Amino acid sequence: MLVPSDRKNRPHAFLPHQAVIPAAGLGTRFLPATKAMPKEMLPVVDKPAIQYVVEEAVAAGIDDIVMIIGRNKNALANHFDRVTELEHTLERKGDHDKLARVVEPSALADIHFVRQGDPKGLGHAVLRARKHVGNETFAVMLGDDLIDARDPLLSRMIEVSQNRSATVIALMEVEPSQIHLYGCADVETTDEPDVVRVNALVEKPAADEAPSNLAIIGRYVLKPEIFEVLAQTAPGKGGEIQLTDALEELAADESIAGPVLGVIFSGRRYDTGDRLDYLKSNVLLALDRDDLGPELKTWMQELTATFD
Ligand code: G1P
């Protein structure tokens with residue numbers, strides 16, 4: 001598995017070091033909280049959801065991030081910037097813990113912002129990063145999917161992409177009744193238990209038309225050929241340009257960019273775009289914290305004892 005320190009010993013040009021994070025969604029499921037604040041800034045315990053995603057990227061060796069943003073997303077840029085007055089105040093008070101927490105987001109990686117313009121879908125958002133990414137393999141990470149740092153996924157996907165010169169998507173088994181919420185993959189096995197070959201993809205199929213219960217979760221390692229395919233991709237499901245449709249094109253014709261493979265993820269993933277899952281992720285991550293976990297656990301035990 002690749003860890004950041006390994007990067008120093010590997011030929012830089014061959015390791016993906018850029019990630020695209022689409023963050024232009026309206027977050028309507030969280031209204032009114034998201035009326036004046038991007039959904040990516042909703043805190044999970046005490047960090048905005050987007051910071052977990054950036055930290056995950058950095059842990060996989062990424063040092064350059066492009067966020068594709070919409071209107072009213074200034075809070076995102078502010079969060080990853082320095083805030084000198086606050087830093088000086090905390091310094092004067094000698095509050096080094098809080099100071100470190102304030103500075104940390106601005107020191108994680110080089111973060112760039114590109115406006116999406118028309119909200120024409122995920123495929124369109126990724127295409128907006130074309131000029132920045134150039135002719136390199138890169139990662140795409142969706143902010144609604146939070147992958148527990150204890151179960152690294154992106155570094156494994158990068159490894160598979162490098163070893164097999166492939167486009168790699170993250171797949172996870174879901175309840176068949178849930179597959180209509182995801183891109184769905186038709187796959188066959190390979191000689192590695194966590195790697196499958198993707199034969200076909202369909203965006204948000206009805207349960208009775210789904211080729212499997214393997215859902216695309218929001219992590220992708222893409223080759224630059226995807227941009228040309230995206231530029232030619234017609235609007236699909238919901239009238240939007242779908243990344244899944246462009247990937248389907250690659251899966252159907254290996255001569256474009258080699259094979260499309262899936263890494264099957266069986267670790268902990270939280271869908272922070274869903275209100276119930278968002279609440280659960282707060283509880284689960286807080287339970288794991290030394291400063292909050294023990295007291296929260298005791299309180300929860302007392303609370304559940306009062307349930308019928
Ligand atoms: C997007 C993708 C879908 C994928 C999902 C993962 O859908 O289009 O293929 O399964 O992310 O979270 P969205 O949830 O943005 O509608």
Side-chain angles (χ1 to χ4, degrees), residues 19-30 34 38-40 42 44 49-50 52-53 56 67-70 116 119-129 139-148 153-154 157 167-187 196 198-207 209-222 226 229-230 233-251 260-265 267-278 280-281:
V20 175
I21 305 184
L26 296 174
T28 50
R29 281 189 278 184
F30 281 89
T34 49
K39 65 171 174 173
E40 293 81 7
L42 287 170
V44 178
I50 189 92
Y52 290 87
V53 180
E56 182 194 338
M67 290 190 188
I68 312 298
I69 54 172
Q116 185 173 5
K120 290 198 218 153
L122 177 59
H124 177 254
V126 172
L127 185 55
R128 295 286 292 129
V140 169
M141 308 174 77
L142 306 189
D144 283 349
D145 289 289
L146 216 150
I147 305 296
D148 197 302
L153 167 62
L154 188 60
M157 294 172 69
T167 297
V168 179
I169 61 178
L171 296 171
M172 189 166 188
E173 281 192 53
V174 298
E175 290 295 321
S177 64
Q178 297 297 300
I179 197 73
H180 70 282
L181 300 170
Y182 298 95
C184 175
D186 180 13
V187 304
V196 289
V198 175
N199 293 326
L201 290 163
V202 45
E203 177 69 1
K204 303 195 174 119
E209 282 164 15
S212 73
N213 68 335
L214 285 173
I216 304 177
I217 53 171
R219 298 293 179 270
Y220 309 78
V221 178
L222 302 178
I226 193 79
V229 178
L230 279 170
T233 300
K237 195 100 188 175
E240 298 190 335
I241 297 171
Q242 297 291 350
L243 181 57
T244 304
D245 292 349
L247 288 164
E248 155 65 14
E249 186 113 358
L250 293 185
V260 178
L261 302 176
V263 165
I264 312 269
F265 182 64
R268 286 158 283 195
R269 162 196 174 252
Y270 315 106
D271 176 3
T272 56
D274 175 80
R275 285 176 302 171
L276 186 59
D277 241 39
Y278 169 76
K280 289 181 188 170
S281 59

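Start at 1 and go down the list; that is how both ligands and their atoms are numbered. Keep in mind that this is a model prediction, so the values were computed, not measured.
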Can you spot which of Leu142, Val140, Leu222 makes a side chain to side chain contact (heavy atoms under 4.5 Å, CB included) with Val20?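 By the side chain to side chain contact (heavy atoms under 4.5 Å, CB included) criterion, Val20 pairs with just one of Leu142, Val140, Leu222: Val140.
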From Leu122, Thr233, Leu230, Leu243, residue fulfilling side chain to side chain contact (heavy atoms under 4.5 Å, CB included) relative to Leu127: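 Looking at Leu122, Thr233, Leu230, Leu243, the match for Leu127 under the side chain to side chain contact (heavy atoms under 4.5 Å, CB included) is Leu230.
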Minimum-distance pair of heavy atoms, taken over all atoms of [X] and [Y]:
{"X": "Val168", "Y": "Met157", "value": "O-CE, 3.5 Å"}
{"X": "Ile226", "Y": "Ala246", "value": "CD1-CB, 3.9 Å"}
{"X": "Val53", "Y": "Met141", "value": "O-CE, 3.5 Å"}
{"X": "Arg269", "Y": "Met172", "value": "CD-SD, 3.7 Å"}

side-chain contact (heavy atoms from CB on, under 4.5 Å) between Ile50 and Met67, worked out: CA-CA 10 Å; Ile50 189 92; Met67 290 190 188; 3.8 Å; yes
Give yes or no for whether the N/O distance cutoff of 3.5 Å, strictly under, is met between [X] and ligand 1.
{"X": "Tyr182", "answer": "no"}
{"X": "Ile216", "answer": "yes"}
{"X": "Arg269", "answer": "no"}
{"X": "Thr244", "answer": "yes"}

Return the residue, atom name and 0.1 Å-rounded distance of the protein heavy atom closest to [atom].
{"atom": "atom 11 (O) of ligand 1", "answer": "Leu142 CD1, 3.3 Å"}
{"atom": "atom 12 (O) of ligand 1", "answer": "Asp145 OD2, 2.9 Å"}
{"atom": "atom 8 (O) of ligand 1", "answer": "Glu203 OE2, 2.7 Å"}
{"atom": "atom 13 (P) of ligand 1", "answer": "Lys204 NZ, 3.5 Å"}

Out of Ala125, Gly183, Gly121, whose heavy atom sits nearest atom 3 (C) of ligand 1?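 The option holding the nearest heavy atom is Gly183.
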Heavy atoms only, cut-off 4.0 Å: how does Leu243 contact ligand 1, side chain, backbone, both, or neither?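 Answer for Leu243: neither.
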Counting only heavy atoms, which portion of Asp144 has something under 4.0 Å from ligand 1: side chain, backbone, both, or neither?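 The answer is neither; Asp144 stays 4.0 Å or more away.
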